Amino acid sequence: MKNQDKGIHHISIIAGDPQVNIDFYVKVLGLRMVLKTVNQDDPSTYHLFYANGEGRPGSSITFFPWPMAVQSKPGTGQVGAISFSVPKGSQEYWIDRFSEKDVPFGTPIVRFENNVLPFKDPDGLKLELVEESPADTTSVWKECPVSEEHAISGFWGSTLRLTQTESTRNILQNVMEYELAEEVENLTLLQTSAALGHSIILEKEKHAVKGKNGRGTVHHIAFRANDEKDLREMREQVTDMGLSPTEIIDRHVFKSVYFQTPDGVLFEIATDGPGYASVAENKNDMGKSLFLPPWLEPKREMIEKRLQPVKVD
Ligand code: ZN
């Protein structure tokens, strides 16, 4: 029995202009902004979180926008593509939508028997829509500008481009509870039975390609822990594999640890709770006002003055 409570938690990316980022993820893709906060390492810039209507684990894509960030170049030892789940039969709708909104998209492919539509965000980040049946549409954002029957419900999964896959596969199978589903040529599909974020494809490359970090680079990928006790146990397992996870960090909407995999990707493990609604007045207000961690709250006025004003609606 595959685990329903394990899978991707969130994925975080370096972006360029914050307003361009908001316009694309909210107005074109129809995701909901569930948290607007600052980059804790540079509070003069944002950390923006988008997700489905409920802000469920397995649906949130987050960005560190730096208007001055250089264009990235993709490489190995990185997350190569991020895949969203859409209901079966949605591809035509999205092709029309992307054509209308000038979103660059590629030729649809069939991979592991799924219809896949590749496309890119304004920073060149590689994204995909994967048709799924049945799709979990229970958490679709009701105010979403996309027709509800075709809307994104969260992540299908992600592709990691690696020259060596063994240690990453070990971590995903032994700590994150993914199971081997299928192997075709240089692609290995690992899955859990979570409704969202259940699939990881390991794409084995013959030669290392040195990428360049900048806008469009995935900073890290986070996997789910049920609660703090589970997080502590998963952290122990990572340590036992000879890796060096950070201490547990309180991110207020979840607790997490980070570690570098031997194959080069930065992994995080994050607790399901307390979630994005926990720092909002109520669930309807998720992402509406700027959230600051308590240690930055005394500097709110200065921080708000330095941030580039953005508009979500
Ligand atoms: Zn994270």
Side-chain angles (χ1 to χ4, degrees), residues 5-15 18 21 25 31-43 45-52 55-66 69 72 77-84 121 123 125 127 154-155 157-160 168 171-172 175-176 178 194 196-197 200 213 215-228 230-232 234-235 238 243-261 264-279 286-287 291-293 295-296:
D5 303 316
K6 296 286 170 165
I8 297 172
H9 184 287
H10 66 270
I11 303 178
S12 298
I13 300 119
I14 300 166
N21 188 257
Y25 285 91
L31 297 177
R32 176 178 183 179
M33 184 180 280
V34 291
L35 181 66
K36 181 169 65 178
T37 184
V38 291
N39 181 340
Q40 295 190 8
D41 297 324
D42 176 6
T45 61
Y46 288 105
H47 189 185
L48 305 175
F49 292 64
Y50 312 94
N52 64 21
R56 294 251 166 93
S59 74
S60 56
I61 184 160
T62 94
F63 292 89
F64 301 106
W66 302 76
S72 62
Q78 286 186 342
V79 172
I82 296 170
S83 316
F84 294 107
D121 88 349
D123 293 313
L125 175 68
L127 300 169
F155 294 125
S158 181
T159 300
L160 311 185
T168 302
I171 297 165
L172 288 168
V175 185
M176 316 310 187
Y178 277 81
L196 298 168
I200 294 286
N213 287 347
R215 57 194 167 94
T217 302
V218 175
H219 185 265
H220 64 266
I221 177 165
F223 296 91
R224 294 172 62 184
N226 302 334
D227 51 29
E228 198 172 338
D230 190 30
L231 177 64
R232 221 173 295 126
M234 291 170 79
R235 186 183 177 280
V238 171
L243 303 170
S244 312
T246 61
E247 291 303 317
I248 293 177
I249 299 170
D250 188 358
R251 294 295 188 199
H252 304 281
V253 285
F254 45 74
K255 290 190 174 164
S256 52
V257 300
Y258 302 81
F259 63 98
Q260 195 83 41
T261 66
V265 185
L266 182 60
F267 274 13
E268 176 182 349
I269 308 173
T271 54
D272 278 358
Y276 305 116
S278 69
V279 297
M286 277 197 294
F291 168 74
L292 294 177
W295 54 277
L296 285 176

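One-based numbering along the sequence shown. What you see is a predicted model, and the numbers here were worked out from it, not measured in a lab. Order of listing sets the numbers, starting from 1, for every ligand and every atom in it.
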*N, O or S from H220 under 2.8 Å to the Zn ion (ligand 1)*: yes
*Does the shortest distance from the Zn ion (ligand 1) to an N/O/S atom of H9 fall below 2.8 Å?*
no
_Taking K6 first and then D272, would you say they form a salt bridge - that is, a charged N and a carboxylate O separated by under 4.0 Å?_
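Salt bridge between K6 and D272, a charged N being under 4.0 Å from a carboxylate O: no.
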_F63-H47 aromatic ring centre distance below 6.0 Å_ = no
_Going by the rule side chain to side chain contact (heavy atoms under 4.5 Å, CB included), which residues pair with S60 if we only count those two or more places apart in sequence or in a different chain?_
H10, A51, Y276
*Under the side chain to side chain contact (heavy atoms under 4.5 Å, CB included) test, residues paired with P18 that sit two or more places apart*: Y46, L48, P65, P67, Q308, V310
*Taking the Zn ion (ligand 1) as the reference point, name the nearest N/O/S atom of E268.*
OE1
